Amino acid sequence: MTESILTLFETQFGKFTERRWSAHFALCLQTVEELHDLYSPKLFNGFQLLLTLHWLSAYPSWDCMSSIWNRQPTTLHEHINHTLNVLYDHLDEIHWEDRLKEPIPQRGPLQGVTFSVDVTVFPMTGFNTKDFNWKNFYSVKHSYHCWKFTGIISIYGGYFVYFSPLGFPGKVHDKSMWDQEGLSSRLGPTEFGIADKGYIGVDRLLTPWKGKGQNQKQKAWNYSVESSRVMVENAFSRLALFKILATAFRGKREKMHQIANVCAQLVNMDLNYRPIRKKTAQELCDYYCSRGETIMNNAVYKPFVD
C-alpha cells in the first residue's frame with residue numbers, strides 16, 4: 001500500500017523526500033497510508049485521495065490543479081467532491097467522551113480541569129447571493145469576514161474532543177457560540193475547563209483575571225491558566241496547515257462546515273503519529289499541577305516582580 005501512495009506522489013511531484021511531501025500535504029505519510037488502507041479502493045482510489053488532500057493542503061487555483069494532475073478542472077472537481085463526501089460521512093475521530101480518558105488533575109489550581117476551549121476563525125470571500133447577509137460574517141476583532149468554529153481540546157492529550165458541526169458567522173461572540181451549542185449541559189458535575197477572557201462569566205470555565213492593578217495572586221493565577229491552555233492554540237495551528245482554512249475560502253459557503261470538520265478529523269488522525277507534545281499525558285498533568293501549586297503558593301513569581 002505504501003508503494004502505491006509513493007508511486008502516485010512521485011508521478012505528480014517528483015522523487016519523494018520528507019521536505020517535498022510536507023510542501024504539498026498537511027498530513028504525514030503514515031496518516032495518508034492509514035486513510036488509504038481504510039477506504040481504498042471501496043470508496044475512492046489513491047489518486048482521488050492524494051488529489052483531495054493536496055487541494056485541502058495547498059489550495060491552488062483550478063488551473064494550477066489541472067496542470068499538476070493532468071485532468072480537466074470539472075473532472076478534478078467531481079473527484080474532490082466525491083472524496084470529501086466520503087470522508088465527511090465515514091471519519092469518526094472526534095469523541096466527546098475522550099476528554100475523560102486522560103488523567104484529571106487532583107490538586108493545584110487546575111483541579112478537575114479536563115479540556116481547553118477556544119474559537120478559531122476561517123476567512124472567507126464575498127458571494128453573489130441575494131439572500132446572503134454579508135455583514136453578519138464580519139468580525140470586528142479580526143477585521144475581516146469569516147466563519148467561526150468552537151474547538152475543545154483534551155488539555156493533556158492535545159486532540160479535539162469537540163468541533164462545531166456547522167460553524168457560526170464571524171459576528172457571533174465566543175460566549176454566545178458556547179451557549180447556543182449547549183456545551184455546559186454536557187459537562188460532568190465536578191468537571192471544569194480552561195478558556196480565555198472571551199468566556200468570562202461562563203459557569204465552570206476557568207478564565208484569567210481581566211483588567212489592570214492585579215495583585216500577585218491574580219497574576220500567578222493568570223500565568224498558570226494561560227500557559228496551560230496553550231494546547232488548544234497548538235491544535236489550531238495544525239488546522240492552519242490546511243491552506244484552504246488559513247486563506248480566504250473561494251467555494252460555496254455551504255461547503256465550509258464540511259471542509260472544516262473533515263480537516264479537524266484528519267488532524268486528530270495525524271496526532272497519533274505526530275503528537276503536539278513528546279511528554280505523555282500523565283507527565284504533562286503532573287508537570288502543570290506541580291508548577292501551578294508552586295506559583296500559587298509562592299504568590300511571587302519572577303515574571304511578575306515589578
Side-chain angles (χ1 to χ4, degrees), residues 26-27 31 34-35 52-53 56-57 59 83-102 113-124 137 139 142 146-170 172-187 191 193-196 198-199 202 205 229-247 249 251 253-276:
L27 305 175
T31 305
E34 182 180 352
L35 286 168
T52 303
L53 294 179
L56 293 173
S57 303
Y59 200 40
T83 310
L84 275 178
N85 290 333
V86 170
L87 292 175
Y88 184 71
D89 293 337
H90 291 82
L91 282 176
D92 186 25
E93 300 294 327
I94 298 178
H95 305 103
W96 176 249
E97 297 78 15
D98 286 351
R99 75 195 189 285
L100 302 177
K101 291 183 179 180
E102 304 297 344
V113 172
T114 61
F115 65 89
S116 179
V117 60
D118 203 355
V119 167
T120 184
V121 299
F122 304 133
M124 54 191 295
F137 286 80
S139 171
H142 299 92
C146 59
W147 284 99
K148 300 178 74 173
F149 291 82
T150 298
I152 298 180
I153 309 296
S154 170
I155 190 171
Y156 303 116
Y159 46 79
F160 288 101
V161 297
Y162 178 84
F163 196 80
S164 296
L166 296 178
F168 292 83
V172 182
H173 194 272
D174 299 1
K175 190 189 297 186
S176 299
M177 293 171 60
W178 173 274
D179 294 335
Q180 291 181 41
E181 292 179 293
L183 296 173
S184 293
S185 61
R186 304 178 66 176
L187 301 180
E191 186 178 0
I194 289 179
D196 60 16
Y199 291 89
V202 178
L205 286 185
R229 61 172 294 275
V230 69
M231 194 74 80
V232 69
E233 304 295 347
N234 296 149
F236 286 158
S237 69
R238 292 292 182 94
L239 277 178
L241 294 177
F242 294 93
K243 289 186 178 180
I244 194 171
L245 301 179
T247 58
F249 181 61
R253 61 188 176 95
E254 294 81 4
K255 297 285 290 185
M256 189 63 197
H257 74 278
Q258 182 191 55
I259 293 170
N261 276 270
V262 166
C263 291
Q265 301 272 3
L266 293 175
V267 165
N268 262 20
M269 288 187 68
D270 200 54
L271 288 172
N272 293 327
Y273 302 100
R274 297 190 300 176
I276 293 175

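Everything numeric here is computed off the predicted structure, so don't read it as measured data. Atoms considered below: every heavy atom in the structure, side chains included; atoms not considered: hydrogens, waters and symmetry mates.
Inter-residue side-chain proximity for V267 and L241 is flagged as unmet; no heavy-atom pair is nearer than 4.5 Å. Within the 4.5 Å cutoff, the side chain of F242 has no heavy atoms near those of the I259 side chain. By the 4.5 Å heavy-atom criterion applied to side chains, L245 and F236 are not counted as neighbours. At a threshold of 4.5 Å between non-hydrogen side-chain atoms, the residues Q258 and D89 do not count as touching. F115 is not listed as a side-chain neighbour of I155, based on a closest heavy-atom distance of 4.5 Å or more. Two residues are said to be in side-chain contact when any heavy atoms from C-beta on lie closer than 4.5 Å; L27 and M269 fail this criterion. Between H257 and Y88, the closest side-chain pair of non-hydrogen atoms falls below 4.5 Å. L91 places none of its side-chain heavy atoms less than 4.5 Å from the side chain of N261.
A salt bridge is defined here as a Lys NZ or Arg NE, NH1 or NH2 lying under 4.0 Å from an Asp or Glu carboxylate O, and E233 with R229 meets this definition.
At least one donor-acceptor pair under 3.5 Å links the side chain of N268 to the backbone N or O of F160. Panel note: side chain H173, backbone K175; a donor-acceptor pair is recorded below 3.5 Å. At distances below 3.5 Å, not a single donor-acceptor pair connects side-chain atoms of D270 with backbone N or O atoms of L266. For the pair R99 (side chain) and W96 (backbone), a donor-acceptor distance under 3.5 Å is present.
Between F122 and F249, the gap from one ring centroid to the other reaches at least 6.0 Å.
If you take CG on L271 and CG on N234, they are separated by 10.0 Å, rounding to the nearest 0.5 Å. Taking CG of L166 as the reference point, atom CD of E181 lies at 8.5 Å (rounded to 0.5 Å). In this structure, OG1 in T150 is found 4.5 Å from OH in Y199, a value given to the nearest 0.5 Å. Put simply, OG1 on T114 and OH on Y156 are 9.5 Å apart, with the number rounded to the nearest 0.5 Å. With values rounded to the nearest 0.5 angstrom, L183 atom CG is found 5.0 Å from Y162 atom OH. Note that OG1 of T52 and CG of N85 are 10.0 Å apart. Values are rounded to the nearest 0.5 Å.
Contact record, D92 with Q265: C-OE1, 3.7 Å, taken as the closest heavy-atom pair. Of all heavy-atom pairs spanning A260 and F149, the tightest one is CB-CZ, 3.8 Å. Of all heavy-atom pairs spanning I153 and V232, the tightest one is CG1-CG2, 3.3 Å. Summarising the geometry of F168 relative to S164, their closest heavy-atom pair is CE1-OG, 4.5 Å, with the distance given to 0.1 Å. Residue I276 comes nearest to G158 through the heavy atom pair CD1-O, 3.5 Å, listed as atom of the first residue, atom of the second, then distance. Considering all non-hydrogen atoms of both residues, A264 and I94 come closest at CB-CD1, 3.9 Å.
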What verdict does the side chain to side chain contact (heavy atoms under 4.5 Å, CB included) test give for M177 and K148, after you've listed the backbone C-alpha separation in whole Å, the side-chain angles of each residue and the deciding distance to 0.1 Å? CA-CA 9 Å; M177 293 171 60; K148 300 178 74 173; 3.9 Å; yes
Run L56 and L84 through side chain to side chain contact (heavy atoms under 4.5 Å, CB included) and show every step you take. CA-CA 10 Å; L56 293 173; L84 275 178; 4.2 Å; yes
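By the 6.0 Å contact criterion, NZ on K255 is enclosed, its count of non-hydrogen atoms from other residues, nucleotides or ligands being greater than 12.
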